[in-house]
Protein chains: 2
Amino acid sequence: MRENIVITAKDNPAVKHYKRLRDQKKARRTEGLFVAEGLRIALDALSRTGCVHQLLVTESAWEKHGDVLQNAMQETGRILLLSDAIGAQLADTEHTQGIFAVCACPARPALEKILSQNGRYLVLCQLQDPGNMGMILRTADALGVDAVLSAGSCEVFSPKVVRATMGSVLRVPVYEMPDAMTLLNLLKAASIRSYAAVPAHDAVPLPECTLGAGSAVWIGNEGNGLPEDIIRSCEVAMTIPMQGGPESLNAAMAAGICMWEMMK
Amino acid sequence: MRENIVITAKDNPAVKHYKRLRDQKKARRTEGLFVAEGLRIALDALSRTGCVHQLLVTESAWEKHGDVLQNAMQETGRILLLSDAIGAQLADTEHTQGIFAVCACPARPALEKILSQNGRYLVLCQLQDPGNMGMILRTADALGVDAVLSAGSCEVFSPKVVRATMGSVLRVPVYEMPDAMTLLNLLKAASIRSYAAVPAHDAVPLPECTLGAGSAVWIGNEGNGLPEDIIRSCEVAMTIPMQGGPESLNAAMAAGICMWEMMK
């Protein structure tokens, strides 16, 4: 399955392709591919049919993890061996494991179909921090949220977010759209109730909201929260009651607590 | 109140003192002081009597924020002006606001007294990530947890944690101890029930636990969870039910959801 040639040239096409996908949002969008670094997420990706387009592994990593990687290959995919020096160039982390997967962005059912299932959804509106995005996707995956809908937020398939999700990016259905109001109207058309999470004392306390089937919780930007027109257009303005202290919770934490209430 | 001299020398004693407190855990421990960078936390600290020992402000920052800082000074503390170049040396963030406070670690009632109040507590056991620690303290502050007890975890007053708490480090009663079992025995002696949060299917689901007055939720290390002997010695092994997906939640998220259930 793997070739016996070790890539040592930085202008090797596979190496250049990986770097392009790592660095350029446009390349990811155009090709529908993204990069994932590390043993754990590579194994996760390999377990999913059609997910891994190419696996690049350094010689050192192959010595350590070759067997388990080989076993995880479900298809006749190609594994390319890299010199450790080239691996260091691909690495996005300080202590790289030397395992780099080029993955296909998972195919999703049409959004209209997902919404017609009267599920429980999380909407991220202008969320900007990749660490928050990653933590939210991991939590959504763990708690079983039906889909995460993202409008004007940081890119889901950027290397930072992919890493922070710990593999959940492969599992949670995520939909990215440019415009929040368009999304809100799609939700309304599907008779999904939208709950705007706001740090306002006069909003409905979270425990009094019945976040059952057909609910969407909206979480806003880290610094500015949700846009005013979105809050006004949501069916309910909802708040997590706080005991003084800070003005608001961290966006990921607020999302997690709302998802917990919605899913439990 | 402020001197008209602008510090331009990096071996100025106040500059050296700040750097020592920023960089050395031992200095923070010995002196009971820590550093906080940025306008918001400086204003938070200035609003608390006896908290700010010294405020160092760059010339640029003084032009922008001098009035509000001056107004917030409740006591005859000293403000020292720095050249912007010296400010850049003190900065721990990429885009510094040029405001640096030397603060006193808040005085706390004796732990025994806090525990005798039959409150709701969070215990962090070998938590290592400063970002998680910061997010947890911010959430504990927002939700009104009576105290956070930390055993063998990363230092609460390190610059990274202080920044991530967004000021909550000044408000939440935090107790740091070296040994988890000693802490667990203190809780038992005070008739506080300890709930070990574990990602195990056979543990009691969180919604079935009555985390009322006299409860302590234990959260473990990011990679390894709680030590076995601690889990065995806690009154209840408790779990946040998950729908497959990842093996566990992020430690801060798990702490947040447990605190929410305990406090609501």
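Just so it is clear, the model here is predicted, and its values are computed rather than measured. Proteins come first, then strands; the chains are lettered A, B, ... in the order of their sequence lines, and each starts at number 1.
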Which portion of T139(B) sits near chain A, non-hydrogen atoms under 4.5 angstrom: both

Applying a heavy-atom distance below 4.5 Å, give me the residues of [range] that approach chain B, sorted by number.
{"range": "residues 203-213 of chain A", "result": "L206(A), P207(A)"}
{"range": "residues 93-100 of chain A", "result": "none"}
{"range": "residues 142-154 of chain A", "result": "A142(A), L143(A), G144(A)"}

Salt bridge (charged side-chain N to carboxylate O under 4.0 Å, His left out) between E247(A) and R138(B): does it pass, once the steps are laid out? CA-CA 10 Å; E247(A) 284 172 26; R138(B) 181 175 168 191; over 6 Å; no

Just verifying a value: how many Å separate [X] [atom1] and [Y] [atom2], rounded to the nearest 0.5 Å?
{"X": "I257(A)", "Y": "E261(B)", "atom1": "CD1", "atom2": "CD", "result": "10.0 Å"}
{"X": "M166(B)", "Y": "N250(A)", "atom1": "CE", "atom2": "CG", "result": "8.5 Å"}
{"X": "M135(A)", "Y": "N132(B)", "atom1": "CE", "atom2": "CG", "result": "5.5 Å"}
{"X": "L249(B)", "Y": "D141(A)", "atom1": "CG", "atom2": "CG", "result": "9.5 Å"}

Whatever's closer than 4.5 Å to a heavy atom in chain B on T165(A) counts as neither

Can you sort out the partners of D44(A) under side-chain contact (heavy atoms from CB on, under 4.5 Å), two or more places apart, ordered by chain and number? L170(A), R171(A)

Within 6.0 angstrom of R40(B) CZ, more than 12 heavy atoms from elsewhere: no

Taking side chain as C-beta onward, heavy atoms only, is P241(B) less than 4.5 Å from W260(A)? yes

